[in-house]
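First the structure, in the form of structure tokens, and then the observations on it.
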2 protein chains.
Amino acid sequence: MPRGRSQDSSSSPTKSKAQKLERRSAIIEAAIDTFAQRGFHHARVSDVARQAGIADGTIYLYFKSKDDLLISLFEEKMEHIVETFRSEVSCYKTAQERLKCFLELHLKMVAERPALAEVMTVELRQSAKFMREYKAPQFGAYLALLGDIISYGQERGEVRSGIDPLLTRRIIFGALDELSLYWVSSKRPLHSLERVIEELWALCSTGCFIQK
Amino acid sequence: MPRGRSQDSSSSPTKSKAQKLERRSAIIEAAIDTFAQRGFHHARVSDVARQAGIADGTIYLYFKSKDDLLISLFEEKMEHIVETFRSEVSCYKTAQERLKCFLELHLKMVAERPALAEVMTVELRQSAKFMREYKAPQFGAYLALLGDIISYGQERGEVRSGIDPLLTRRIIFGALDELSLYWVSSKRPLHSLERVIEELWALCSTGCFIQK
DNA sequence: CACTACTGAATGAATAGTCATTCAGTATAA
DNA sequence: TTATACTGAATGACTATTCATTCAGTAGTG
């Protein structure tokens with residue numbers, strides 16, 4: 001009969017669940033850096049392993065394949081992003097504030113975690129076919145969140161009723177995504193983050209053209 | 001000293017320049033279909049060859065490498081697109097008409113040549129790092145054309161002067177690109193092409209929100 | 001405590017499969 | 001016959017994945 005185990009709730013004798021999760025995370029973080037630097041296809045599994053400070057084979061104890069690593073990375077990070085954004089956005093009352101909040105969160109995340117942004121925008125977009133097969137439920141949730149803001153605005157009478165939330169959420173996402181790519185790609189951005197947000201916000205709220 | 005050659009300005013005795021260009025084109029068209037279907041990385045050179053009805057090695061008589069084929073494909077198609085768009089757009093006087101024309105041309109091209117659109121949006125975006133090294137001058141020309149429409153609108157007093165053409169061209173391109181991806185990806189699109197154009201045009205001209 | 005048996009996480013050399021690319025040979029035209 | 005275009009089997013480089021082995025740490029025993 002085993003004595004009381006230190007502070008570990010699992011029955012695993014050698015490695016706690018927390019330690020395992022930590023290592024799993026370490027691999028994901030290493031993958032983000034490596035994929036961002038060399039691109040998914042050019043990055044070797046052994047590069048990720050070296051970056052994580054572990055052996056090649058160890059990655060396969062945590063992920064089924066290199067593809068599975070990419071997908072897990074995307075889904076898990078995206079899930080976290082969706083949760084955060086949803087709760088932040090809901091602090092505001094008006095749809096205008098909510099949309100502005102969303103744009104800011106997206107672009108600030110890009111500025112703060114450029115490697116993650118690079119993987120999520122470039123490397124994954126690249127594999128759109130690949131993602132299509134795996135459905136990318138969290139990407140769907142992200143789009144849905146954006147669409148909900150628009151529908152909410154329509155309910156409140158803030159947003160023109162003629163607008164189709166399904167199309168408009170794509171338009172806004174596309175704009176955000178391209179701005180992110182632009183921001184991440186340029187070594188020394190010509191525009192401040194605030195300026196970028198301002199510009200996109202201006203387009204969303206009033207369009208380009210001077211009203212007659 | 002060669003006898004008077006039929007209609008061929010080159011000195012090639014066996015194959016006319018026109019025939020060579022035709023075969024080169026055939027390879028590019030085959031590559032578009034193949035890359036669109038399987039994705040650039042998963043497409044084998046031998047797939048492209050089979051699709052073109054030629055032997056694997058023949059491709060290397062026309063292109064340095066598989067990468068070179070992708071880049072040539074992109075640059076040549078894009079060059080043609082830029083020329084066409086530039087001349088079409090310049091038929092209109094106002095910036096509003098010009099912008100609307102541009103949006104229509106882009107989305108109609110996507111609808112007419114989905115495989116080409118797929119390769120240009122998905123497969124190339126994927127290789128953003130790859131393209132960054134190769135500069136993609138024709139992509140720059142495409143963006144410039146869009147930016148020129150905006151600047152032109154500012155000169156004419158149609159477009160708000162506070163707008164930055166460099167940012168706004170990215171925003172609009174991102175929206176177009178995402179809508180293209182959406183259109184190309186959905187087997188049976190929920191929205192008509194006209195509806196998509198209408199929606200993007202509405203956002204560009206007046207934004208989402210009801211003016212107070 | 002001291003000893004043995006056991007566990008399973010981690011390793012990394014070896015395997016296995018995939019393709020881009022080459023090139024020796026064939027066909028064709030002049 | 002010579003130059004050119006083409007062919008497609010063979011090559012060779014690359015790398016994801018596997019798996020026999022190691023070993024640090026835990027449990028059981030007296």
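Below, chain A is the first sequence line, B the second, and so on; all start at residue 1.
- Summarising the geometry, the separation between CD on B:Gln19 and P on D:dC6 is reported as 9 Å, rounded to the nearest angstrom.
- For the pair B:Leu61 CG and C:dT26 P, the interatomic distance rounds to 18 Å; values are reported in whole Å.
- Atom NE2 of B:His41 and atom P of C:dC19 are 12 Å apart (whole Å).
- Between B:Arg23 and D:dA5 there is no side-chain N or O to OP1 or OP2 distance below 4.0 Å.
- B:Lys77 contributes no side-chain N or O that, together with a main-chain N or O of B:Ile32, makes up a donor-acceptor pair within less than 3.5 Å.
- Of the possible donor and acceptor atoms, none in the side chain of B:Ser185 sits under 3.5 Å from a partner among the backbone N and O of B:Tyr182.
- Although no hydrogens or angles enter the test, the distance criterion places a donor-acceptor pair under 3.5 Å between the side chain of B:Asp47 and the main chain of B:Arg44.
- Nearest-nucleotide mapping onto DNA chain C: of B:Arg44 and A:Thr58, the residue sitting toward the 5' end is A:Thr58.
- Nearest nucleotide to the A:Ala55 side chain, out of C:dG12, D:dA5, C:dA20: C:dG12.
- Using cut-offs of 30° and 60° on the angle between ring planes, the pair A:Phe209 and B:Trp201 is tilted.
- Side chain of A:Thr58 to main chain of A:Ile54: no donor-acceptor pair is present (N/O by atom type, distance under 3.5 Å, no hydrogens or angles).
- Contacts of A:Ala43 with the nucleic acid, taken as non-hydrogen atoms under 4.0 Å apart, involve only primed sugar atoms and P, OP1 or OP2.
- An OP1 or OP2 oxygen of D:dG8 is reached within less than 4.0 angstrom by no side-chain nitrogen or oxygen of B:Arg50.
- In this entry the distance linking CD1 of B:Ile27 with P of D:dC6 reads 8 Å, nearest Å.
- Between A:Tyr62 and the phosphate of C:dA9, there is no side-chain N or O to OP1/OP2 separation shorter than 4.0 Å.
- Separating the CD1 atom of B:Ile59 from the C1' atom of D:dG8 is a distance of 12 Å, rounded to the nearest angstrom.
- Contacts of A:Ile54 with the nucleic acid, taken as non-hydrogen atoms under 4.0 Å apart, involve only primed sugar atoms and P, OP1 or OP2.
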Please produce a list of atom pairs where a protein N or O lies less than 3.5 Å from an N or O of nucleotides 17-20 of chain D.
{"from": "D:dT17", "atom 1": "OP2", "to": "A:Tyr60", "atom 2": "OH", "distance (Å)": "2.7"}
{"from": "D:dT17", "atom 1": "OP2", "to": "A:Lys66", "atom 2": "N", "distance (Å)": "2.9"}

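- The CG-C1' distance, from A:Asp47 to D:dC14, rounds to 13 Å in whole Å.
- For A:Phe173, the ring pair (Phe, Tyr, Trp, His ring centres under 6.0 Å) test picks out A:Phe139, with sequence neighbours left out.
- The distance between atom NE2 of B:His42 and atom P of C:dA20, rounded to the nearest whole Å, is 11 Å.
- Between the CZ atom of A:Phe35 and the C1' atom of D:dT15 there is a distance of 13 Å, given to the nearest Å.
- Residues B:Phe40 and B:Lys66 form a side-chain contact, since some pair of their non-hydrogen atoms from C-beta on lies under 4.5 Å apart.
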